[in-house]
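Letters A, B, ... mirror the listed sequences (proteins, then strands); counts begin at 1.
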Amino acid sequence: DTAVSQTPKYLVTQMGNDKSIKCEQNLGHDTMYWYKQDSKKFLKIMFSYNNKELIINETVPNRFSPKSPDKAHLNLHINSLELGDSAVYFCASSQDSSGSAYEQYFGPGTRLTVT
Amino acid sequence: SQQGEEDPQALSIQEGENATMNCSYKTSINNLQWYRQNSGRGLVHLILIRSNEREKHSGRLRVTLDTSKKSSSLLITASRAADTASYFCATVYYGNKLVFGAGTILRVKS
């Protein structure tokens with residue numbers, strides 16, 4: 001069974017379009033995350049939700065909007081896509097957000113290419 | 001800015017040899033974690049070491065943490081071709097936010 005799943009795996013779109021990436025976890029975790037990995041493999045957190053509540057919101061353009069309909073799902077909507085948005089986006093989840101020892105479980109990633 | 005920095009950036013070894021990767025960070029941490037990423041895949045958690053721990057083992061993996069030097073090392077013993085991947089250290093220093101380093105690309109030749 002897939003623990004953290006993302007759809008789609010690949011997304012090719014033109015500048016200016018709006019797109020969404022979906023994420024689901026079946027681990028019963030309370031906290032979910034979105035990360036962006038650039039072409040140099042640098043991985044940076046974008047957002048974090050705990051029980052549907054936004055707890056981390058890094059310096060990300062407001063064209064990016066996360067939505068958590070329930071604690072098992074965290075979707076990422078991107079408006080007015082730009083060339084610089086091309087990257088691999090990873091969803092992850094963890095058991096809690098207490099800041100104590102925990103590990104994160106990552107999805108397989110969504111490779112977004114903006115042309 | 002990036003919290004963790006890995007060294008070396010890339011490492012190529014023969015199967016059976018040991019691989020050592022280092023990670024340095026800048027501020028006090030709660031814990032430090034190592035992850036593996038195979039090409040085109042998501043990250044897989046390998047090991048977590050708390051700030052009050054000095055060494056931890058998991059199978060062929062050994063992680064050390066030196067908080068006075070703000071550094072950690074990951075040792076993979078008796079490497080296998082399947083260990084070929086990118087390895088990232090990540091620090092938890094503010095709430096639950098993981099901050100990743102740039103990674104070490106390990107290639108194990110058979």
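When atom types are taken as modelled, the side chain of A:D18 and the backbone of A:L81 share no donor-acceptor pair closer than 3.5 angstrom. Judged purely by atom type and a 3.5 angstrom limit, A:Q6 uses its side chain to pair as donor or acceptor with the backbone of A:Y89.
Aromatic ring pairs are classed by plane angle as parallel below 30°, tilted from 30° to 60° and perpendicular above 60°; the pair A:H29 and A:Y105 is tilted. Between B:H45 and B:Y35, the angle of the ring planes goes over 60°, which puts this pair in the perpendicular group of the 30/60° scheme.
The closest side-chain heavy-atom distance from A:T31 to A:S48 is below 4.5 Å. Side-chain contact between B:I47 and B:I49 is absent, with no heavy atoms from C-beta onward closer than 4.5 Å.
Comment: A:D38 does not engage A:K44 in a salt bridge, judged by the lack of any side-chain N to carboxylate O separation of less than 4.0 angstrom.
Using a 4.5 Å heavy-atom cut-off against chain B, the contacting residues of residues 107-115 of chain A are A:G107, A:P108. Residues of residues 63-73 of chain A lying under 4.5 angstrom from chain B, judged on non-hydrogen atoms, do not exist here.
Aromatic ring centres of A:Y33 and A:F90 lie farther apart than the 6.0 Å criterion allows.
Residue A:W34 is grouped with residue A:L11 when hydrophobic side chains (ILVMFWY) are merged at heavy-atom distances under 4.5 angstrom, including chains of intermediate members.
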